[in-house]
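The first residue in the sequence is number 1, and the count goes up from there.
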Amino acid sequence: MVDPQWDSYPAVVTPAEVAEVLGMRVGTVRAWLRAGTMPARRLGGTWIILKHEVVAWMAESAGEPAPPEALDDPMADYPDFLTYRDLMRFFRITYKGTVYIWLEQGAVPATYVGSRWVIHKWRLLQHLEETNCLRSVTPENS
């Protein structure tokens with residue numbers, strides 16, 4: 001069962017929000033992120049922590065199966081082709097220049113067509129899965 005405290009948080013959470021829910025210091029959460037203990041990834045200098053991955057990780061750490069709601073698509077409410085505004089909203093970025101830097105540096109998979117960036121949602125989700133710092137141990141690969 002997912003801790004009801006998570007319900008009020010968006011799909012992408014900050015280290016401070018994780019610390020708040022877990023009742024610990026943000027420094028501990030950041031240490032876990034740097035060590036690759038907690039599922040997350042870096043885009044530029046920003047930690048991207050997907051709430052559903054943390055919920056599943058916590059369940060697995062407790063020896064329980066991941067709750068079904070933890071496996072939901074975090075971008076289900078977004079269109080198939082994303083704009084920089086969609087990325088700003090999903091990643092909770094307030095400065096659009098950050099998103100443009102990610103796009104230009106290839107931190108977010110996208111194609112520049114004409115005068116616009118084309119971002120396929122499925123490619124972004126695949127990239128986020130591939131760049132996850134924590135690889136879950138399943139019965140098949142343990």
Side-chain angles (χ1 to χ4, degrees), residues 1-22 24 26-142:
M1 170 177 246
V2 175
D3 186 330
Q5 285 183 291
W6 286 110
D7 292 343
S8 63
Y9 292 96
V12 175
V13 291
T14 66
E17 291 167 338
V18 173
E20 182 179 317
V21 171
L22 298 181
M24 60 180 48
V26 70
T28 302
V29 172
R30 289 187 191 281
W32 285 354
L33 293 168
R34 285 189 302 273
T37 304
M38 178 180 291
R41 72 264 310 133
R42 298 276 287 181
L43 284 180
T46 305
W47 280 110
I48 302 300
I49 308 167
L50 298 177
K51 176 177 73 173
H52 77 279
E53 290 180 346
V54 173
V55 169
W57 169 72
M58 288 173 50
E60 290 172 11
S61 297
E64 301 171 4
E69 58 269 28
L71 304 175
D72 291 343
D73 176 3
M75 295 192 86
D77 296 335
Y78 289 84
D80 290 337
F81 295 96
L82 305 168
T83 66
Y84 78 88
R85 286 185 183 97
D86 293 327
L87 294 181
M88 288 178 66
R89 190 178 65 187
F90 180 71
F91 291 122
R92 299 172 64 197
I93 302 296
T94 56
Y95 175 60
K96 74 178 179 180
T98 300
V99 173
Y100 279 112
I101 290 169
W102 291 349
L103 293 167
E104 290 166 0
Q105 293 178 347
V108 171
T111 306
Y112 195 70
V113 178
S115 61
R116 295 182 183 256
W117 285 100
V118 178
I119 307 135
H120 295 271
K121 178 171 71 172
W122 70 268
R123 284 183 62 205
L124 176 61
L125 289 171
Q126 181 181 30
H127 178 72
L128 291 174
E129 177 64 30
E130 290 171 355
T131 59
N132 190 352
C133 296
L134 178 75
R135 297 293 178 215
S136 297
V137 177
T138 61
E140 300 88 48
N141 62 11
S142 57

Checklist entry - Okay, side chain of H127, backbone of A107: is any donor-acceptor separation there less than 3.5 Å? => result yes
Checklist entry - Could you give the distance from OG1 (T98) to CE (M88), rounded to the nearest 0.5 Å? => result 8.0 Å
Checklist entry - Taking all atoms of both residues into account, what is the closest heavy-atom pair of W47 and A40, and its distance? => result CE3-CB, 3.8 Å
Checklist entry - Between CZ of F91 and CG of L43, what distance do you get to the nearest 0.5 Å? => result 5.5 Å
Checklist entry - Do R123 and T111 come close enough that some side-chain heavy atom pair is under 4.5 Å? => result yes
Next on the checklist: Quick check for you: to the nearest 0.5 Å, what is the distance between L22 atom CG and M38 atom CE?
Outcome noted: 6.0 Å
Item to check | Sequence-distant partners of Y100, side chain to side chain donor-acceptor pair (under 3.5 Å), two or more places apart | outcome: none
Item to check | Value rounded to 0.5 Å, distance of CZ in F81 from NE2 in H120 | outcome: 5.0 Å
Item to check | Listed partners of R92 passing salt bridge (Lys or Arg N to Asp or Glu O under 4.0 Å), at least two apart | outcome: E17
Item to check | M24 vs W32, side chain to side chain contact (heavy atoms under 4.5 Å, CB included): CA-CA, chis, key distance, verdict | outcome: CA-CA 12 Å; M24 60 180 48; W32 285 354; 3.4 Å; yes
Item to check | By side chain to side chain contact (heavy atoms under 4.5 Å, CB included) - contacts of Y112 (at least two apart) | outcome: S115, W117
Item to check | For Y78, all residues meeting side chain to side chain donor-acceptor pair (under 3.5 Å), sequence neighbours excluded | outcome: R89
Item to check | Non-hydrogen side-chain atoms of Y9 and V18 separated by less than 4.5 Å | outcome: no
Next on the checklist: Which heavy atom of P74 sits nearest to which heavy atom of H52, and what is that distance?
Outcome noted: CG-CE1, 3.5 Å
Next on the checklist: Applying side chain to side chain donor-acceptor pair (under 3.5 Å), can you list everything that pairs with T83, at least two apart in sequence or on another chain?
Outcome noted: D86
Checklist outcome for this item: Taking every heavy atom of A11 against every heavy atom of F90, the minimum-distance pair comes out as CB-CE1, 3.9 Å
Checklist entry - Hey, mind stepping through I49 and V12 against side chain to side chain contact (heavy atoms under 4.5 Å, CB included) and telling me if it holds? => result CA-CA 6 Å; I49 308 167; V12 175; 5.7 Å; no
Checklist entry - Is the side chain of W6 donor-acceptor paired with the backbone N or O of V55 at a distance under 3.5 Å, no angle test? => result no
Checklist entry - At what distance, to the nearest 0.5 angstrom, does NZ of K96 lie from CZ of R85? => result 7.0 Å
Checklist outcome for this item: Contacts of Q126 meeting side chain to side chain contact (heavy atoms under 4.5 Å, CB included) (sequence neighbours excluded), chain-then-number -> W122, E130
Checklist entry - Under the side chain to side chain contact (heavy atoms under 4.5 Å, CB included) test, which residues partner V26, sequence neighbours left out? => result P15, A16, A19, R30
Checklist entry - Which atom pair, heavy atoms only, marks the closest approach of E129 to R41? => result N-NH2, 4.2 Å
Item to check | Approximate separation, where rounding is to 0.5 Å, of L87 CG and L82 CG | outcome: 5.5 Å
Next on the checklist: Considering only residues two or more places apart or on different chains, which pairs with a residue in residues 99-111 satisfy salt bridge (charged side-chain N to carboxylate O under 4.0 Å, His left out)?
Outcome noted: none
